[in-house]
Each structure stands twice: as structure tokens, then as C-alpha cells.
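First the structure, in the form of C-alpha cells, and then the observations on it.
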Amino acid sequence: MTASHFSQELSVAAALAREAGALLLAHLRAGFTVEHKTSADDPVTVADREASALIMAALAAAFPDDGLLSEEETDDRARLNHDRVWIVDPIDGTKEYSTGLPDYCVSIGLAVGGQPVLGVVYAPETDELFTGVVGQGAFLNGQPVAAPSRGPDWRIAVSDTEHSRELHATPLSGMKPSGSIALKLARIAAAQADATFTMSPRSEWDIAAGHALLRAAGGDLTRRDGRAITYNQPRPHVEQGLIGGQPQATAWLAEQLRALHLPTAHLSVQAHEPAWAALNPADRAALQGHPGVNLRHADGHLLALLVVNPDTRQVQRAEGDAFHLDRLTRDVTRALGTVAPVTAQP
């Protein structure tokens with residue numbers, strides 16, 4: 001892999017990220033109405049849609065043979081026939097953007113053969129442009145990023161929502177809450193933080209560009225159970241929480257998460273996946289092959305179970321601790337849309 005392979009792609013993506021960032025700042029000055037998709041935690045604005053349209057049209061013109069995926073566009077399944085796919089989030093951190101906080105960004109990633117190879121993340125409020133290609137290094141405003149920390153005082157970037165709801169009561173050292181996960185990953189690549197994790201699932205557009213930046217800087221991002229993430233999937237959502245960063249920091253963090261029994265959701269669990277072992281033997285037998293088994297667990301200890309028919313979104317079973325069941329229901333709702341209450345038994 002040489003610079004000539006992706007120089008045009010990087011140049012186009014960087015220019016588009018800056019152009020979209022200028023559009024977002026213009027909307028902030030003019031004002032806009034905030035709508036919501038599934039809940040107050042899932043806002044969308046006219047700026048999201050206009051920035052997405054700008055980026056997608058330009059990428060399609062520049063690279064007509066590539067597939068495209070954006071959070072704010074109808075999913076064109078033709079992307080599944082492409083080896084190269086651009087994965088875009090026009091505003092990662094819309095909640096922060098819509099409430100006047102600076103922690104949001106434009107995220108443009110390129111996956112080749114399911115692997116994130118190029119990432120551009122632009123933070124308009126601070127005018128920080130993070131760029132990188134795997135095998136060629138990561139850069140901040142055109143300068144090579146700093147070397148990663150050697151510890152042992154690791155800086156752990158966490159979700160501000162997850163921190164306010166439950167992580168604040170957890171004795172995990174070094175936590176730094178913030179909004180956009182794409183920006184978290186970019187800042188880890190630039191040695192401004194060391195590692196991150198989530199309890200809730202994320203979508204491909206949230207993480208593709210940041211994941212590429214991490215890989216370009218010598219780090220990585222995986223599912224919480226350690227399995228790799230492959231992009232351009234038919235359903236573009238990573239079904240469980242994530243962990244990633246620089247290798248030493250990530251190894252330390254993984255051990256801390258196990259010791260503290262910090263939970264993660266796992267949606268659409270299948271029998272071959274590690275989380276399946278959290279079910280009791282009777283449920284493993286009864287739910288074998290069911291496409292809508294959703295768990296919240298901590299190292300194999302089941303905290304909540306939500307079984308949903310993914311076609312009708314009808315809840316068939318809802319069990320477990322009330323707090324964890326509420327968190328799991330929120331995660332399932334973001335993935336599927338509003339689910340119907342459990343059907344009463346005659």
C-alpha cells in the first residue's frame with residue numbers, strides 16, 4: 001500500500017469534511033429545529049441532512065464505482081456488491097451539536113474488503129482535521145500525530161450519556177466523558193486520549209473513520225468480546241459494545257472492565273457467540289435460531305433479556321433487573337425502532 005493508492009481519496013474526503021463543517025457552523029448561526037428519530041437521545045437536524053447530501057453527491061461524482069453508506073440516507077443495498085464503500089456520518093454528536101456543545105464532528109471513512117483503511121474526522125468548533133490511511137500514519141492538521149502515551153495513568157474516553165447514567169458510580173480511573181465517538185477515536189489516534197469503550201452498540205457510520213484513524217496510528221477497535229469488526233454488512237450496526245485504543249491501554253482497560261463487571265448490551269445474539277452462554281440451558285434450547293434475542297450481561301452474568309420479533313417489533317419476553325432492562329430496551333429501540341409491549345398470555 002503506497003500513498004499514491006489513496007492520495008486522491010484522502011484529498012477529496014478532507015475537502016468535503018471541511019466544506020460540510022462550514023455548512024454546520026452556518027446552520028448554528030442561523031438556527032434550526034431539532035427533530036428526533038427514536039428518542040430524545042437520537043436527534044436529527046436539517047444540518048445533518050444537508051451535510052449528508054453534500055458529501056454523498058460529491059463522493060458519488062468523484063468515485064462512481066464505490067458504494068456509499070450514510071446515516072442520513074436510505075440504505076442502497078447495492079453497496080453490498082462493492083469492495084470499496086464510503087461510510088459517512090455527517091454529524092457524529094448531533095445531540096451535542098443541537099444543544100450548542102462543541103463535541104461533534106464530520107466523519108468520512110473508506111472500507112475496502114470490509115476493513116477500514118482511510119479516515120477523515122473534522123471538528124468544526126476547534127478546526128481540527130484528523131486524517132489517516134492504514135500503513136501511512138495519522139495526521140492532525142497535516143502534522144504527524146504524537147507518539148502514544150506509555151501509561152500507566154491511562155486516559156479513558158467514555159460516553160457522556162453512559163457516564164451520567166451509570167459510569168459516574170464506577171471506580172474506573174481516568175474516565176473523560178465526551179460526546180462523539182468518532183471524535184473520541186480520532187483523539188486517541190492523535191494521542192490526546194488512550195482508550196475507549198461503550199456499553200451500548202454503535203453503527204458503522206459512527207466508527208468507520210475513527211477506526212481507520214486508530215489503525216493508522218497503531219491502535220485498533222473491536223467488539224467488547226474481542227471479536228473483530230467487519231464493515232459494509234447487510235445490517236450496518238455493530239451489535240454490542242466496543243473497546244479500543246492503543247494496545248497497552250486497551251489491554252489494561254479490558255482487564256478493568258472484567259474486574260468491575262461493567263455490562264454491555266448484545267443485540268440479536270446467536271448461539272455461536274460468547275454472550276449466548278449467559279442464557280440458562282433451558283433458554284438456550286428454547287431460543288436456538290431466534291433472530292431477536294437481546295441481552296445485557298456482565299462477563300456471562302445475565303442482567304436483562306429482551307426477546308423481540310424483528311419483523312413485527314413485538315416484544316415476546318422481557319425479563320431482568322429494571323434498570324438494565326430499561327437500558328437494553330433503549331438500545332433495541334435505537335436499532336429497530338419503537339417496540340410493542342410484551343403480549344399478554346391468555
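Numbering starts at 1 and runs along the sequence shown.
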Taking 4.0 angstrom as the limit, do D283 and R317 come out as a salt bridge? yes
Pairing of R18 and D127 as salt bridge, 4.0 angstrom limit: yes
Less than 4.5 Å apart, side chain to side chain, heavy atoms only: is that true for P263 and H324? yes
What are the two closest non-hydrogen atoms of Q246 and A217, and how far apart are they? NE2-O, 3.4 Å
Is a side-chain donor-acceptor pair under 3.5 Å present for E72 with S70? no
Does any non-hydrogen side-chain atom of L185 lie less than 4.5 Å from one of L213? no
If Ile, Leu, Val, Met, Phe, Trp and Tyr residues are connected whenever their side-chain heavy atoms lie under 4.5 Å apart, and connections chain through other members, are V117 and V120 in the same group? yes
So S107 and W205, do their side chains get closer than 4.5 Å, heavy atoms only? no
Exercise answer: donor-acceptor pairs, residues 55-64 side-chain atoms, under 3.5 Å, sequence neighbours excluded:
none

Atom CZ of R187 and atom CG of L183: how far apart are they, to the nearest 0.5 Å? 4.0 Å
Which word best sums up how the rings of H211 and Y231 line up, parallel for under 30°, tilted for 30 to 60°, or perpendicular for over 60°? tilted
Quick check for you: to the nearest 0.5 Å, what is the distance between I156 atom CD1 and L253 atom CG? 4.5 Å
Side chain proximity check, Q233 to T230, heavy atoms < 4.5 angstrom: yes
I want to check something: taking the side chain as every heavy atom from C-beta on, are N81 and R77 in contact at a cut-off of under 4.5 Å? no
Give the C-alpha distance, both sets of side-chain angles, the deciding distance and a yes or no for side chain to side chain contact (heavy atoms under 4.5 Å, CB included) between D331 and M199. CA-CA 10 Å; D331 290 336; M199 289 182 284; over 6 Å; no
If hydrophobic clusters are built from ILVMFWY residues whose side chains come within less than 4.5 Å, do V88 and V46 share one? yes
Could you tell me whether the side chain of S203 and the main chain of D206 form a donor-acceptor pair under 3.5 Å? no
Would you give the length of the straight line joining atom CG of D194 to atom CD of Q248, rounded to the nearest 0.5 angstrom? 10.0 Å
Looking at E166 and R296, is any side-chain nitrogen of the basic one under 4.0 Å from a carboxylate oxygen of the acidic one? yes
V134 versus P116, closest heavy-atom pair with distance: CG2-O, 3.5 Å
Under 3.5 Å, is there a donor-acceptor pair between the side chain of D66 and the main chain of W86? no
K176 side chain vs R155 backbone, donor-acceptor pair below 3.5 Å: no
How far apart are the closest heavy atoms of A340 and V315, and which atoms are they? O-CG2, 2.9 Å
Under 3.5 Å: donor-acceptor pair, side chain of T333, backbone of T329: yes
Flag, side chain of T198 to backbone of G241, donor-acceptor distance under 3.5 Å: no
Verdict with reasoning, L167 to M175, per side chain to side chain contact (heavy atoms under 4.5 Å, CB included): CA-CA 9 Å; L167 286 178; M175 286 190 291; 4.1 Å; yes
Does the distance from a Lys or Arg side-chain N to an Asp or Glu carboxylate O, for R258 and D299, drop under 4.0 Å? no
How long is the span from the CG atom in D92 to the OG1 atom in T94, to the nearest 0.5 Å? 7.5 Å
Which is it for Q316 and H290 under the side chain to side chain donor-acceptor pair (under 3.5 Å) test, yes or no, and what are the steps along the way? CA-CA 11 Å; Q316 297 170 329; H290 195 297; 2.8 Å; yes
Ion pair E239/R227, N-O distance below 4.0 Å: yes
Using a 4.5 Å cut-off on heavy atoms from C-beta on, say whether the side chain of D103 contacts that of S178. yes
What's the shortest heavy-atom distance between A195 and A249, and which atoms? CB-CB, 4.0 Å
If hydrophobic clusters are built by linking Ile, Leu, Val, Met, Phe, Trp and Tyr wherever their side-chain heavy atoms come under 4.5 Å apart, do L25 and L54 end up in the same one? yes
Would a single hydrophobic cluster contain both W154 and I188, if residues Ile, Leu, Val, Met, Phe, Trp and Tyr are joined by side-chain heavy-atom contacts under 4.5 Å? no
Show your reasoning for whether salt bridge (Lys or Arg N to Asp or Glu O under 4.0 Å) applies to R202 and E71. CA-CA 12 Å; R202 296 293 189 270; E71 178 177 14; over 6 Å; no
So, do F197 and L242 sit near enough that their side-chain heavy atoms are less than 4.5 Å apart? no
Kindly indicate whether the side chain of L68, heavy atoms from C-beta on, has any atom under 4.5 Å from the side chain of D76. no
Give me the atom names and distance for the closest heavy-atom approach of L24 to P124. CD1-CG, 4.5 Å
Please check this pair: side chain of E204 against backbone of N232, looking for a donor-acceptor N/O pair closer than 3.5 Å. yes
For the residue pair Q240 and D225, confirm or rule out a side-chain donor-acceptor distance under 3.5 Å. yes
Under 3.5 Å, side chain of T170 to main-chain N/O of L172, donor-acceptor pair present? no
Would you check if the side chain of H163 reaches a backbone N or O of S159 as a donor-acceptor pair within less than 3.5 Å? no
Can you get from V106 to L28 by hopping between Ile, Leu, Val, Met, Phe, Trp and Tyr side chains that sit under 4.5 Å apart? yes
Using atom types as modelled and distance alone, determine if a side-chain donor or acceptor of N294 lies under 3.5 Å from a backbone N or O of L306. yes
Looking only at heavy atoms, what is the nearest atom pair of A147 and A191, with distance? O-CB, 3.5 Å
Okay, side chain of R224, backbone of I243: is any donor-acceptor separation there less than 3.5 Å? no
Checking E19 against L16 for the side chain to side chain contact (heavy atoms under 4.5 Å, CB included) test, could you report, in this order, the C-alpha distance in whole Å, the side-chain angles of both residues, the deciding distance, and whether it holds? CA-CA 5 Å; E19 187 177 354; L16 284 173; 4.1 Å; yes
Donor + acceptor pair across side chains of E50, H27 (<3.5 Å): yes
Do E73 and R49 pass the salt bridge (Lys or Arg N to Asp or Glu O under 4.0 Å) test, and can you show the C-alpha distance, the side-chain angles, and the key distance before you say yes or no? CA-CA 8 Å; E73 308 289 336; R49 297 184 177 115; over 6 Å; no
Here the gap from T131 atom OG1 to I108 atom CD1, rounded to the nearest 0.5 Å, amounts to 12.0 Å
Does the pair L302 and L295 meet the rule for a side chain to side chain contact (heavy atoms under 4.5 Å, CB included), with working shown? CA-CA 7 Å; L302 186 65; L295 311 177; 3.7 Å; yes
In Å and rounded to the nearest 0.5 Å, what is the CG to OH distance from D48 to Y104? 11.0 Å
Take the angle between the ring planes of H297 and H266 and call it parallel below 30°, perpendicular above 60°, tilted in between. tilted
